[in-house]
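As the structure is a computational prediction, the values presented were derived from the model and not from experiment.
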Amino acid sequence: MTMHRPTFDRLIPGALASSAVIGVAFAAAALLCVPAALTAQSHISGDHEPHLYAAADFGIDPMGVTFTKDIAPILARSCVNCHRVGGAGPMPLTSYQEVRRYAGRIKTKTAIRDRMGTMPPWYVEKDLGIQQFKQDPSLTDEDLAMIQAWADNGAPEGDPADLAVELNPRTEDGWRIKPDLIVSSAEFVVEGGAADWWGEIEPFDVVGLEQDRWVKAVEIREVNDVPTQGSGRQTVGSRWVVHHLIYSTGVPGEHLLERTFWPVHEVGRNPDFFSEERGQLLKAGSQITSSSIHLHSNGRDTKSHLEFGFEFFPEDYEPKYESGRVGLADGQNISIVPNLDGQELHAYAVLQDHIKMVAFEPHLHAPGDRMCLEAIWKQHIETLSCVGYDHNWVRTYSFAENYEPLLPKGTIMHIVGYMNNTEANANIPDPRNWQGSGNRSVSNMFIDLGISLKLTDEQFVEEMAKRREVLGLGVNDHVIGCPLCTAAIPLLPELEEEEGEGEGAAVSEVEASSAEEFLGTWTLPLESPQGAFNMTLEFSEGADGMLTALVDTPLGDPQPAQTISRSGDALVLGFTLSALGQSLPVTVTLTPAGDSGAVLNAEVDLGALGTLSGTATKE
């Protein structure tokens with residue numbers, strides 16, 4: 001049975017109107033055949049045990065495991081990027097002599113695997129959800145078995161001729177991306193006994209950028225004068241003093257809507273990798289600006305600055321998709337009682353668009369122990385990822401290509417946070433305290449700061465078809481994070497659209513003859529806390545005698561209003577504004593002011609960005 005777009009719209013609540021260009025066929029029964037998957041395992045207080053393995057179970061002679069043959073390759077892949085001279089690790093692990101003395105500690109730390117305190121600091125649970133990520137340094141079960149056998153057997157060196165990896169790479173820059181441009185902030189000082197501080201940093205220039213470039217990856221490093229051996233006291237963040245930085249880039253004088261907003265930098269954060277379909281725009285002549293930096297003393301007077309590394313796409317790169325926004329958080333219902341592990345927080349959001357999820361980033365604070373991400377589509381409930389959490393090492397988990405979740409409009413997103421307010425959590429200053437929501441690291445937040453892309457119906461279907469082809473999926477297969485991938489939604493030939501009913505066609509309900517007072521060009525100055533800008537509105541009579549409007553903003557070429565209607569004496573325009581990498585629906589309400597006919601009172605509704613008011617004058 002073939003069902004065209006009207007049926008598809010009913011299956012995906014809120015989908016595009018049936019006048020869109022491309023139709024879609026859909027096998028209705030397939031939805032009922034999509035297999036349900038595992039949901040998040042319940043978290044029982046104290047149930048986490050070390051991950052210990054027997055080497056013999058992997059066909060490995062435990063007495064034959066040596067440093068040069070077996071352990072060095074693991075260190076080269078997952079450890080020495082930080083554990084080397086000049087790295088972030090507290091001790092170098094670049095030779096047998098350096099590593100041998102820590103053999104027992106390495107065994108203990110790596111066996112924690114996915115909870116705070118583990119090394120390497122990567123907390124994805126390997127028995128739930130998607131397992132394919134970019135720059136994944138985690139250890140396999142076999143890796144752990146070899147480390148444990150080696151440590152238990154006295155940490156033998158083995159034959160030096162077996163050493164086939166470079167443990168002390170010549171590069172000393174420490175970057176985990178390949179930055180094409182590095183920009184440094186001014187130096188600042190945090191005193192050893194200072195209280196937590198939030199505020200602004202002085203804007204500084206992005207020096208060395210000759211033309212606008214699309215960014216493939218960004219990494220921020222804190223560079224300070226604290227010895228790698230420790231900060232002088234145990235505190236959340238250890239030697240680091242910058243706990244978070246919310247920042248944007250833009251040319252001085254441009255409006256908020258024209259700026260580029262970047263992922264939040266947090267203590268211990270790894271790099272952010274953007275999708276091949278949507279980079280971040282860094283404009284020539286930009287400045288880096290932040291109105292929210294959180295500084296936290298590490299127990300000693302510290303001089304510090306931040307370095308921003310940007311890795312670019314090729315010069316001819318053009319983005320394919322728009323950025324999406326999920327808004328998955330809850331800061332109003334956080335109540336963490338004293339001396340209790342396994343406390344749960346829940347937040348939900350309904351997707352308003354089809355999305356391709358690029359990254360999952362749990363954001364909790366000191367009591368945070370774990371977060372799980374679920375997608376609920378009709379009767380299908382599935383865990384996309386569960387990860388441990390350590391506020392000393394805030395991680396973002398960028399899904400590998402072809403494993404990013406593809407979720408239809410109407411999906412309910414669900415995050416579950418697990419909080420540990422006991423003495424077992426070394427990040428808690430005093431577990432006798434109740435904790436609520438707040439900005440301090442010893443208070444709480446509960447957010448998924450991940451990155452998503454917004455897809456049209458056509459793009460969503462194309463992405464699923466590509467996923468089926470790349471992964472070789474059949475009708476009886478299942479892939480985590482794509483509930484409709486095997487439901488076989490093929491593309492159909494373009495349907496012939498009726499004249500005037502194409503996607504995005506303007507609809508005017510107002511005859512020009514009844515709105516002569518609006519005809520002409522109007523200038524509407526608007527002001528927001530982020531700056532001033534002008535909107536130009538040009539009204540004219542269309543070929544059908546109906547009123548038309550052309551809207552011009554600083555963000556791009558003039559565009560026609562998509563809807564024009566009356567509300568009493570007021571004229572109401574609807575159009576779409578492309579800003580912040582997204583398409584924002586905007587409503588402008590214009591009301592004549594006085595008898596001159598040359599002034600209009602205006603209210604501009606920017607949706608989630610708020611409402612602006614101004615006075616338009618006729619040119």
Side-chain angles (χ1 to χ4, degrees), residues 121-124 133-136 175-183 185 201 206 213-222 237 240 242-250 256 259-283 286-294 306-313 319 321-329 349 355-365 368 371 373 385 387 389 391 393-400 404-405 413 415 439 445-454 579-582:
W122 183 268
Y123 308 101
V124 173
F133 296 91
K134 296 177 180 177
Q135 284 205 344
D136 178 356
W175 292 98
R176 288 164 289 184
I177 64 173
K178 298 177 181 179
D180 298 294
L181 179 68
I182 300 172
V183 182
S185 74
I201 61 174
V206 176
R213 293 297 298 270
W214 288 95
V215 174
K216 181 177 184 178
V218 63
E219 181 180 358
I220 299 179
R221 304 190 311 176
E222 179 183 339
W240 313 116
V242 178
H243 269 220
H244 85 245
L245 175 76
I246 300 174
Y247 70 106
S248 64
T249 56
L256 168 72
R259 301 184 65 84
T260 299
F261 288 81
W262 300 84
V264 178
H265 170 65
E266 302 168 84
V267 62
R269 185 185 180 91
N270 51 331
D272 286 282
F273 295 89
F274 304 111
S275 170
E276 294 290 329
E277 292 92 1
R278 180 73 201 190
Q280 291 277 90
L281 181 61
L282 183 63
K283 300 177 184 177
S286 286
Q287 289 185 328
I288 293 177
T289 303
S290 172
S291 60
S292 179
I293 186 172
H294 174 195
L306 296 175
E307 293 182 347
F308 298 71
F310 299 97
E311 181 178 345
F312 297 142
F313 282 110
Y321 298 146
E322 295 183 8
S323 296
R325 181 175 297 174
V326 177
L328 195 52
I355 69 164
K356 182 177 185 179
M357 187 175 292
V358 177
F360 171 43
E361 184 186 337
H363 183 78
L364 304 167
H365 275 191
M371 184 184 285
L373 174 67
S385 185
V387 300
Y389 187 84
H391 202 51
W393 296 95
V394 178
R395 306 280 87 178
T396 183
Y397 302 94
S398 298
F399 297 104
E404 308 98 327
M413 304 304 301
I415 52 174
N439 290 327
M445 290 185 178
F446 177 45
I447 313 170
D448 171 20
L449 294 172
I451 303 172
S452 295
L453 305 178
K454 183 173 74 171
L580 307 180
Q582 302 180 66

### Nearest heavy atoms of Pro362 and Val394, plus distance in Å
O-CG1, 4.3 Å
### Task
Start with the C-alpha distance between Phe274 and Val218, add both sets of side-chain angles, then the distance that settles side chain to side chain contact (heavy atoms under 4.5 Å, CB included), and finish with yes or no.
CA-CA 8 Å; Phe274 304 111; Val218 63; 3.8 Å; yes
### Plane angle bin for Trp122 and Phe133 - parallel if under 30°, tilted between 30 and 60°, otherwise perpendicular
perpendicular
### Query
Backbone N or O of Leu364 within a donor-acceptor pair of the Tyr389 side chain at under 3.5 Å?
yes
## Note on the structure
To the nearest 0.5 Å, atom CD1 of Ile201 lies from atom OH of Tyr247 at 10.0 Å
## Note on the structure
Interatomic distance, CZ@Arg213 vs CG@Leu281, rounded to 0.5 Å, equals 11.0 Å
### Query
Stepwise, does the side chain to side chain contact (heavy atoms under 4.5 Å, CB included) test hold for Arg259 with Ser286?
CA-CA 9 Å; Arg259 301 184 65 84; Ser286 286; over 6 Å; no
### Task
For Pro121 and Arg395, work out which heavy atoms get closest and say how close.
O-CD, 2.8 Å
### Task
Starting from the C-alpha separation in whole Å, work towards a yes-or-no answer on side chain to side chain contact (heavy atoms under 4.5 Å, CB included) for Asn270 and Arg176.
CA-CA 8 Å; Asn270 51 331; Arg176 288 164 289 184; 3.9 Å; yes
### Side-chain donor/acceptor of Glu219 to backbone N/O of Gly309, under 3.5 Å
no
### Message
For the backbone of Ile246 and the side chain of Ser290, can you confirm whether one donor and one acceptor N or O come within less than 3.5 Å of each other?
### Response
yes
### Query
Side-chain contact, heavy-atom cut-off 4.5 Å: Phe310 with Gln280?
no
#### Entry: Test salt bridge (charged side-chain N to carboxylate O under 4.0 Å, His left out) applied to Lys356 and Glu276, Glu322, Glu277, the passing residue
Glu277
#### Entry: Glu266 side, atom CD; Trp240 side, atom CH2 - distance, nearest 0.5 Å
15.0 Å
### Message
To check you understand the geometry: which heavy-atom pair defines the closest contact between Ile447 and Met371, and what is its length?
### Response
O-CE, 3.6 Å
### Query
Which class fits the ring pair His391 and His365: parallel under 30°, tilted 30 to 60°, perpendicular over 60°?
tilted
### Message
Evaluate Met445 against His244 for side chain to side chain contact (heavy atoms under 4.5 Å, CB included), listing each step before the verdict.
### Response
CA-CA 12 Å; Met445 290 185 178; His244 85 245; 5.5 Å; no
### Task
Before accepting this row, confirm whether a basic side-chain N of the pair Arg221/Glu307 lies closer than 4.0 Å to the acidic partner's carboxylate O.
yes
### Message
To the closest 0.5 Å, what do you measure between CZ (Phe312) and NZ (Lys216)?
### Response
13.0 Å
### Task
Ignoring hydrogens and angles, tell me if any N or O in the side chain of Thr249 forms a donor-acceptor pair with the backbone of Leu282 under 3.5 Å.
no
#### Entry: Side-chain donor/acceptor of Asp448 to backbone N/O of Leu328, under 3.5 Å
no
### Query
Which atoms form the tightest heavy-atom contact between Val326 and Ser452, and what is the distance?
CG2-OG, 3.7 Å
#### Entry: Expected output: side-chain Ser185 to main-chain Leu306 donor-acceptor under 3.5 Å
yes
### NE2-CG distance between His294 and Leu245, expressed to the nearest 0.5 angstrom
12.0 Å
### Task
Taking the side chain as every heavy atom from C-beta outward, state whether Trp262 and Ile220 have any pair of such atoms under 4.5 Å apart.
no
### Query
Closest heavy-atom contact between Ala349 and Gly327?
CB-O, 3.9 Å
### Distance (rounded to the nearest 0.5 Å) between His265 NE2 and Glu222 CD
6.5 Å
